[in-house]
Trainee: 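Supplied in structure tokens, the structure appears directly below.
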Amino acid sequence: MKKTGDEYLDSEEFRELLATYEEAVSTGQPVFLDADELSEIADYYQMNEQTDKADEAINMALSLSPGAIMPLTYKIHEALYYNKVEEAEAYLDQIIETDEPDYIYDKTEIMLAKGLVDEADQMLQELLRELPADEVQDFVVDVANIFQENGLNKKALEWMQRSTHEETPDYKELMARTLFGLGKYKDSERLYNELIDTNPFSKRYWNALASTQFMREDYQGSVQSSEYALAIDPQDPDGLISKANGLFRLENYEEAAKYYQRYEEIVDNDDFSLLHHATCLLNTGHGDEGLDLLKRAATVACSEPYTDDNPSPFIADIFEELAFALSERGMTDEAMAYLNKTDALDCDHIQMTIVKGHILLAAGQYAEAEQMYQKAIMDSETPDKAFLRVAVSVYDNRYVETAYKMMKTYFTIVPPNNRDGYAYMALCCYDLKLHDEFLHYLLEACQRNPHECRMVLSHLFPEEVLPENYYDYMISS
């Protein structure tokens, strides 16, 4: 039996329940379980990507108890996952136990799916005022959890603040997830470390800790935490993708590709993983394999559950990477065709216009490239930032002197407190062997933007040197 990270579903009690059910199904015997137990079994199968078995269990639950709340809640969540709000509402109407809290929670989730956040919040506050005192804490925490799971972390925190602070793992984990969603990664990391101290064998806690470290750009720490999760369960999908992502950010593409591959053997058709796996292959000299994987990622990103109204969040990134990969093979027209598909997407259109210019410049279509670059700058609400991105594109096409001249112009149009671009200018000067200018812009980069400094110039320095110390290292070596 595979571990899920859920305390009950991983318990001996549930293990015996599942064994009883599977024995009855495999032998064709009657299943003597109630709707709630069958819903728990469906949850287990769903968490383990066994969709057909989950559907069989939940349909059996509904045949036994057509109006039962647990199996209908399962169906509501499934419908909402596929953005089928009307279907979810139809299931809600079938629930008999309308006085149960879960009915209110289901109704809330449907309202949130329809964008009725304030209306749902108002409904819940009215219900809160009517509750007996001994039911308030559970209700408040449950509501906070619903808002958090729907990405409404500010609302979740508001409801958490109505609760009495608890030292229970569930309460602390909810607070950690809420703080993570609010971008308070250090506070979230602290809470996950406290949870791990109480339960060091929870792969869920280790994976969550890895995520907080990843967001704080502690990629080495993130990889280490994911390794603890994989030590508990070597086939844990969350641990595999977490380690792959950390290795990817450390630019250890060869190892990252192995973990993306292992993840994809467990989880089918994940366009995020396919995109990054393909990028790893492209960066390690496996261009044909990488291109094939990108095309597969594009197919997945355009398939169910994604629709034109609910596209994959990674589709624009996939098209962009496809364009670069095709451009390197001289397939300019096909590359531009993928970029043109992004015109109808909700994405960074300025970036895509610059990439179009980049592809055209790489193909030697100078006038067309200039036209795209100018369009990007003119259309941008922050033309100075667009100008910098164009200059970087020109540099990446190895027109270093032109990029240098553009950077000179850039620094005449930005305000004195500008933080960006100095590392790129330092790199231009380095390539052009303008030593004094290189040192000047390197110092500016170290002082103004160490993050950009590391991103652009780290290949010139030993790994152990901090980016804010690059200038000192250079003048002393």
Side-chain angles (χ1 to χ4, degrees), residues 4-11 14 35-37 39-40 42-44 46-47 58 61 67-81 85 88-89 91-182 188 191-192 195 199 202 204-205 208:
T4 65
D6 181 278
E7 186 175 350
Y8 173 67
L9 296 182
D10 292 337
S11 68
F14 178 76
D36 289 357
E37 291 170 326
S39 298
E40 290 163 351
D43 283 336
Y44 170 80
Q46 190 273 333
M47 291 177 73
I58 211 67
I69 195 165
M70 278 192 69
L72 285 168
T73 294
Y74 179 99
K75 298 295 281 186
I76 287 168
H77 289 164
E78 183 179 48
L80 292 177
Y81 175 79
V85 179
E89 289 180 309
Y91 288 127
L92 183 72
D93 290 339
Q94 296 176 36
I95 294 175
I96 297 170
E97 305 149 278
T98 56
D99 56 343
E100 289 292 319
D102 282 346
Y103 176 81
I104 297 301
Y105 301 153
D106 290 341
K107 184 176 180 179
T108 299
E109 294 203 53
I110 291 171
M111 293 177 74
L112 297 181
K114 295 170 72 173
L116 304 174
V117 178
D118 292 338
E119 291 85 346
D121 188 46
Q122 183 178 349
M123 176 190 73
L124 293 165
Q125 289 189 53
E126 290 172 0
L127 290 168
L128 177 64
R129 286 191 286 269
E130 298 171 3
L131 285 179
D134 61 347
E135 297 179 17
V136 167
Q137 179 72 1
D138 287 345
F139 182 79
V140 166
V141 173
D142 287 344
V143 169
N145 190 61
I146 291 171
F147 279 119
Q148 195 283 319
E149 288 185 343
N150 282 274
L152 299 163
N153 293 286
K154 187 176 179 181
K155 283 288 184 189
L157 186 60
E158 289 174 8
W159 279 85
M160 291 289 283
Q161 289 168 342
R162 294 186 176 104
S163 69
T164 302
H165 179 79
E166 299 174 1
E167 285 298 321
T168 62
D170 286 348
Y171 185 93
K172 192 173 285 188
E173 184 179 3
L174 175 56
M175 180 60 80
R177 287 192 282 114
T178 301
L179 292 170
F180 181 91
L182 291 169
S188 180
L191 288 174
Y192 279 120
L195 287 164
N199 184 2
S202 170
R204 187 173 75 249
Y205 293 163

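Each residue takes its place number in the sequence, starting with 1.
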Trainee: Could you go through Thr73 and Tyr91, starting from their C-alpha distance and side-chain angles, then the distance that decides it, and tell me whether this counts as side chain to side chain contact (heavy atoms under 4.5 Å, CB included)?
Mentor: CA-CA 8 Å; Thr73 294; Tyr91 288 127; over 6 Å; no

Trainee: Which heavy atom of Ala35 sits nearest a heavy atom of Ala61, and at what distance?
Mentor: O-CB, 3.8 Å

Trainee: Would a distance-only check, ignoring hydrogens and angles, find a side-chain to backbone donor-acceptor pair under 3.5 Å from Gln137 to Thr164?
Mentor: yes

Trainee: With heavy-atom distances below 4.5 Å as the criterion, would you say the side chains of Leu195 and Asn199 are in contact?
Mentor: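 The answer is no, as the side chains (C-beta and beyond) never meet within the 4.5 Å cut-off.
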
Trainee: Taking the side chain as everything from C-beta on, heavy atoms only, tell me whether Met175 gets closer than 4.5 Å to Lys172.
Mentor: no

Trainee: Report yes if the side chains of Met70 and Glu100 come closer than 4.5 Å at any heavy-atom pair, otherwise no.
Mentor: no

Trainee: Less than 4.5 Å apart, side chain to side chain, heavy atoms only: is that true for Asp106 and His77?
Mentor: yes

Trainee: Please report the interatomic distance CD1(Ile146) to CE(Met111), rounded to the nearest 0.5 Å.
Mentor: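 These two atoms lie 11.5 Å from each other.
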
Trainee: Which residues pass the ring-ring contact (aromatic ring centres under 6.0 Å, His included) test with Tyr103, sequence neighbours left out?
Mentor: none

Trainee: How long is the straight-line distance from CG of Asp102 back to CG of Asp99, given to the nearest 0.5 Å?
Mentor: 11.0 Å

Trainee: Within the 4.5 Å heavy-atom criterion, are Glu78 and Gln46 side-chain neighbours or not?
Mentor: no

Trainee: Going by the rule ring-ring contact (aromatic ring centres under 6.0 Å, His included), which residues pair with Tyr171 if we only count those two or more places apart in sequence or in a different chain?
Mentor: His165

Trainee: Let's go through Gln148 and Met160 carefully: what are the C-alpha distance in whole Å and the side-chain angles of both, what is the deciding distance for side chain to side chain contact (heavy atoms under 4.5 Å, CB included) to 0.1 Å, and is it a yes or a no?
Mentor: CA-CA 10 Å; Gln148 195 283 319; Met160 291 289 283; over 6 Å; no

Trainee: Nearest 0.5 angstrom please: Glu158 CD to Asn153 CG, how far?
Mentor: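 Spacing of CD (Glu158) from CG (Asn153) equals 11.5 Å.
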
Trainee: To the nearest 0.5 angstrom, please state how far the CZ atom of Phe147 sits from the CD atom of Glu109.
Mentor: 10.5 Å

Trainee: Testing the basics here: between Val141 and Ser163, what is the closest heavy-atom pair and its distance to 0.1 Å?
Mentor: CG2-CB, 4.3 Å

Trainee: Do Asn145 and Arg177 pair up side chain to side chain, a donor and an acceptor below 3.5 Å, judged on atom types alone?
Mentor: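 Judged by distance alone, the side chains do pair up.
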
Trainee: Could you tell me whether the side chain of Leu128 reaches within less than 4.5 Å of the side chain of Val136, counting heavy atoms only?
Mentor: yes

Trainee: Walk me through it: do Ile76 and Leu92 pass the test side chain to side chain contact (heavy atoms under 4.5 Å, CB included)?
Mentor: CA-CA 7 Å; Ile76 287 168; Leu92 183 72; 4.1 Å; yes

Trainee: Can you pull the salt bridge (Lys or Arg N to Asp or Glu O under 4.0 Å) pairs that have at least one residue in residues 119-148, sequence neighbours excluded?
Mentor: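 Passing the test, one end in residues 119-148: Asp121-Lys155.
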
Trainee: What is the distance from atom CG of Leu124 to atom NZ of Lys107, rounded to the nearest 0.5 Å?
Mentor: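 If I round to the nearest 0.5 Å, the distance is 10.0 Å.
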
Trainee: State, to 0.1 Å, how close Ile110 and Ala88 come at their nearest heavy-atom pair, and which atoms those are.
Mentor: CD1-O, 3.6 Å

Trainee: Check the pair Lys75, Gln94 against side chain to side chain contact (heavy atoms under 4.5 Å, CB included), reporting the backbone distance first and the verdict last.
Mentor: CA-CA 11 Å; Lys75 298 295 281 186; Gln94 296 176 36; over 6 Å; no

Trainee: Does the side chain of Met47 come within less than 4.5 Å of Leu9's, by heavy atoms?
Mentor: yes

Trainee: If you measure from CG on Leu174 to CD on Glu166, what distance do you get to the nearest 0.5 Å?
Mentor: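 Output value for this atom pair is 10.0 Å.
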
Trainee: Is there a side-chain contact between Phe139 and Trp159 in this structure, where contact means two heavy atoms from C-beta onward sitting under 4.5 Å apart?
Mentor: yes

Trainee: What pair of heavy atoms forms the shortest contact from Ile58 to Pro71, and how long is it?
Mentor: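 Scanning both residues completely, I find the closest heavy atoms to be CD1-CA, 3.6 Å.
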
